[in-house]
Amino acid sequence: VQLQAYGGGLVQTGGSLRLSCAASGGSLRSYAMAWFRRAPGKERQFVAGISRNTNTYYSDSVKGRFTISRDNNENTVYLQMNSLKPEDTAVYYCAGNTYYPGSTYVHEYDFWGQGTQVTVSS
């Protein structure tokens, strides 16, 4: 499965963005999906996850502001980001795994998208 993440950009504090992660070469229906991010000088960190049956998981830093969803018919996963803060600035990656819904561990994911830059100005 190949993933293409897009929808990043530059936004002011308090603004919103919607990231999309489109899959090709296979159906996302069989996988738990997630978004991670890597801020400058930091390790890649879990942001949000969604299981095959749409249970959702969030890091404490984004809970209540971000919403992950999936459309299996469109073979796409989304991340709606509201009330953005400068500390949300990062490259955002989507990823999928077979066995670990909501996993926060990078090594438990089987495939990754290329990343999309989100920059929140103060």
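Index from 1, following the sequence.
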* Asked: Asn97 side chain to Asp110 main-chain N or O, any donor-acceptor pair under 3.5 Å?
  -> no
* What about the rings of Phe111 and Tyr31, do their centers lie closer together than 6.0 Å? -> yes
* To do: Flag yes if Val106 and Phe46 sit in one hydrophobic cluster, no otherwise; membership is Ile, Leu, Val, Met, Phe, Trp, Tyr, and two members link when side-chain heavy atoms are under 4.5 Å apart.
  => yes
* Asked: What is the ring orientation for Tyr93 with Trp112, classed by angle as parallel under 30°, tilted 30 to 60°, or perpendicular over 60°?
  -> perpendicular
* Structure fact -> Separation between SG (Cys94) and CD (Gln114), nearest 0.5 Å, reads 7.0 Å
* Which atom pair, heavy atoms only, marks the closest approach of Thr116 to Gly7? -> OG1-N, 4.0 Å
* Structure fact -> Here the pair of heavy atoms bringing Val118 nearest to Leu19 is CG2-CD2, 4.0 Å
* Asked: About how many Å separate CZ of Arg37 and CD of Glu87, when rounded to the nearest 0.5 Å?
  -> 8.0 Å
* Asked: Does a donor on one side chain sit under 3.5 Å from an acceptor on the other, for Asn55 and Asn53?
  -> yes
* Any side-chain heavy-atom pair from Leu28 and Leu3 closer than 4.5 angstrom? -> yes
* Structure fact -> Shortest non-hydrogen pair, Thr89 vs Gln117, comes out as CG2-NE2, 4.1 Å
* For the residue pair Leu84 and Val11, what are the closest heavy atoms and their distance? -> CD1-CG1, 3.6 Å
* Tell me whether Val47 is reachable from Leu17 by hopping between hydrophobic residues (I, L, V, M, F, W, Y) whose side-chain heavy atoms are closer than 4.5 Å. => yes
* Note, Met81 side chain near Tyr92 side chain (heavy atom, < 4.5 Å) -> yes
* Structure fact -> Output for pair (Asp71 CG, Arg29 CZ), nearest 0.5 Å, gives 9.0 Å
* In Å, rounded to the nearest 0.5 Å, how long is the span from OG1 of Thr119 to CG of Asp88? -> 11.0 Å
* Under 3.5 Å, is there a donor-acceptor pair between the side chain of Asn75 and the main chain of Gly26? -> yes
* To do: Looking only at non-hydrogen atoms, find the nearest pair between Ala34 and Phe36 and report the distance.
  => CB-CE1, 3.9 Å
* Counterpart residues, side chain to side chain contact (heavy atoms under 4.5 Å, CB included), relative to Ser83 (two or more places apart) -> Arg65
* Please round to the nearest 0.5 Å and tell me the distance separating atom OG of Ser103 and atom OH of Tyr109. => 4.5 Å
* To do: List the atom of Ser51, the atom of Arg70, and the distance in Å for their closest heavy-atom pair.
  => O-NH1, 2.9 Å
* For Asn82 and Ser16, does a side-chain donor sit closer than 3.5 Å to a side-chain acceptor? -> yes
* Asked: What distance do Ile68 atom CD1 and Trp35 atom CH2 have between them, rounded to the nearest 0.5 Å?
  -> 8.0 Å
* Asked: Do Val1 and Met33 share a hydrophobic cluster, counting only Ile, Leu, Val, Met, Phe, Trp and Tyr and linking them when any side-chain heavy atoms are less than 4.5 Å apart?
  -> yes
* Asked: Would one find more than 12 heavy atoms of other residues, nucleotides or ligands at under 6.0 Å from atom CZ of Arg52?
  -> no
* For Lys63, what residues pass the salt bridge (Lys or Arg N to Asp or Glu O under 4.0 Å) criterion, not counting sequence neighbours? -> Asp60
* Identify whether Phe66 and Tyr78 are in the same connected component of the hydrophobic contact network (ILVMFWY, side-chain heavy atoms under 4.5 Å). => no
